[in-house]
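A short worksheet on the structure shown next.
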Protein chains: 2
Amino acid sequence: MTILDWTERFHGTSRLPKAVRDRLRTAARIVRCPKGGQVFGPDNVPDSLLFLYDGRIRVSQSSDSGREIVLYRVEAGESCVLTTACMLAEEAYNAEGTAETDVTAVTLPKHAFDRLVSEEDAFREFVFEAYSRRLIDLLRVVDDVAFGHLDIRLAERLLVLAGGREYIQATHQQLASELGTAREVVSRILQDFQKREMITQSRGRIAITDKAALKQLAQST
Amino acid sequence: MTILDWTERFHGTSRLPKAVRDRLRTAARIVRCPKGGQVFGPDNVPDSLLFLYDGRIRVSQSSDSGREIVLYRVEAGESCVLTTACMLAEEAYNAEGTAETDVTAVTLPKHAFDRLVSEEDAFREFVFEAYSRRLIDLLRVVDDVAFGHLDIRLAERLLVLAGGREYIQATHQQLASELGTAREVVSRILQDFQKREMITQSRGRIAITDKAALKQLAQST
DNA sequence: CCGACTTCAGTGACAAAGTCACGAAACCGG
DNA sequence: CCGGTTTCGTGACTTTGTCACTGAAGTCGG
């Protein structure tokens, strides 16, 4: 599969027109990152824009005390604007991107990015929409952390992580890192869920036995 | 003072070049908002970009349960990109902007904004930098709320709000809204500060008596 | 100045969440 | 099967959030 094919398919998913595709084809470079690898982070500051072609990146922020919280996820066809932000701001930040699957991305040098933004309306729309979505995502995180109740947030997250399936492969620590809380707290709440027969637990795995009840809990404002 | 003067001075503060200034002069419109008014909010969704010429806007988010948290402040010469984000995303959001002083702003219709972004490098830089700064601001808020300790955050905020002065004109409720917590919690912590002789309190007013101690507390990671 | 009214702050009891220290159980490689 | 590692459970304690109520400090009309 050539770079051309990649950018073709990438543009297919993000619905960018041919003109943009042509520009990207000449300027873009392909980078890969194995599952579990750090795509970007405090040590690993990127100098290019990042467009995700395949895979999923988890963007999280960690505290000095070792706790962690997931900010959002970047899916295939999306751009990771946080890298841009940090690039431009040149400020210290402690957010990092982790490859949740094997990841293939298209990187675009700043000058090429500038040209595309100025010359291609569709690309510009795409970029601004990406920024907007992330801002909204972060607003949601702030709202959850500042005002949300943990049992509800955990129920929500279990349902999201399960997707269609009826189980989740994750440790209590991983769930705590999703929500920005401590493992013990997750353990307590999960035990409560178990007592109420909404889930059953085994090591590193949670089975949802009463999805309806979980949903009801998750939606109880 | 004419629109031209306003845009002149606005561009002066934000260091935009003449070409941008000319464009703005033709497309921009001046809006005002009295102190305490809502510049934007769930009910009051703007359809234009907002550039703050004079005054200060407090952007905060409120919960269903009546609590509130300040996300950041927009100072003169800055742009409020959150309005843009919400405009583009067309999603429900519960952030609102309140005029902390009498406010004068320049609004720019979307089409004019698009042209400027595509044709003027300096303006594009300005806009992207604004987005980046807000993203970073929100990262900081998330970090504080998720991992920070309230006494430290309150000490920080007291120092910031005091600026150079040795007192702060604010109720406990207002301070609680700054930090996204409850009034009672602020009252408790302030009483502690008072016992430790870092502040003295009177109704709606807090005097800092030991700035050094407050600073030390604020910096104790 | 007085009394009614509003706003602001203090308090105690309790619930929810975070921290710490420790131990038990499940898994893994040899 | 054994020793080491990871994951989970638990109790004690601290911090933070919630609720209901009290009193104190300002405001305003008369």
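Quantities reported herein were computed from a predicted structural model and do not represent experimental measurements. In what follows, chains carry the letters A, B, and so on, assigned in the order in which the sequence lines appear, proteins first and then strands, with residues in each chain numbered from 1.
- Checked by distance alone, B:R188 brings a side-chain donor or acceptor within 3.5 Å of a matching partner on the base of D:dG17.
- Of the listed nucleotides (C:dA16, D:dT7, C:dA13), C:dA16 has the atom at the smallest distance from the side chain of A:H149.
- Across all strands, B:Q191 comes closer than 4.0 Å only to sugar-phosphate atoms, never to a base (heavy-atom distances).
- In this structure, CD1 of B:I189 is placed 11 Å from C1' of D:dG17, rounded to the nearest angstrom.
- Looking at heavy-atom distances under 4.0 Å, A:R67 makes contact with sugar-phosphate atoms alone, never a base.
- Across the interface with DNA chain D, nearest-nucleotide mapping of A:Q194 and A:A146 shows A:Q194 to be the residue nearer the 5′ end.
- A salt bridge (Lys or Arg N to Asp or Glu O under 4.0 Å) with A:E178 holds for exactly one of A:R183, A:R153, A:R157; it is A:R157.
- Between the CD atom of A:Q169 and the C1' atom of C:dA26 there is a distance of 14 Å, given to the nearest Å.
- A:E156 and A:R140 are joined by a salt bridge, as a carboxylate oxygen and a charged side-chain nitrogen come within less than 4.0 angstrom of each other.
- Counting distance only, with no hydrogens placed and no angle test, the side-chain atoms of B:R183 and the base atoms of D:dG17 include no donor-acceptor pair under 3.5 Å.
- Taking atom CG of residue A:L154 and atom C1' of nucleotide C:dA16, one finds them 14 Å apart after rounding to whole Å.
- For D:dT7, neither phosphate oxygen OP1 nor OP2 lies less than 4.0 angstrom from any side-chain nitrogen or oxygen of A:Q174.
- Judged by atom type and distance alone, A:Q173 does not reach the base of D:dC8 through any side-chain donor-acceptor pair under 3.5 Å.
- Aromatic ring pairs are classed by plane angle as parallel below 30°, tilted from 30° to 60° and perpendicular above 60°; the pair B:F128 and A:Y131 is tilted.
- One can place CD of B:E184 at 9 Å from P of D:dC19, the figure rounded to the nearest angstrom.
- Between the side chain of A:R203 and the base of D:dT6 there is at least one donor-acceptor pair of N/O atoms closer than 3.5 Å.
- The separation between A:L217 atom CG and C:dA16 atom P is 13 Å, rounded to whole Å.
- For the pair A:D192 CG and C:dA17 P, the interatomic distance rounds to 11 Å; values are reported in whole Å.
- The local environment of CD in B:Q216 is sparse, with at most 12 non-hydrogen atoms from other residues, nucleotides or ligands closer than 6.0 Å.
- For the pair A:H172 NE2 and C:dA25 C1', the computed distance is 13 Å after rounding to whole Å.
- In this structure, CD of A:Q201 is placed 10 Å from P of D:dT10, rounded to the nearest angstrom.
- Sequence order on DNA chain D of the closest nucleotides to A:L190 and A:F147 puts A:L190 first from the 5' end.
- With distances taken from any side-chain atom of B:T171 to the nucleotides D:dG9, C:dC8, C:dT19, the minimum falls on C:dC8.
- A salt bridge links A:D192 with A:R196: the distance from a Lys NZ or Arg NE/NH1/NH2 to an Asp or Glu carboxylate oxygen falls below 4.0 Å.
- Proximity of A:T181 to the phosphate of C:dG18: a side-chain N or O atom is located under 4.0 Å from OP1 or OP2.
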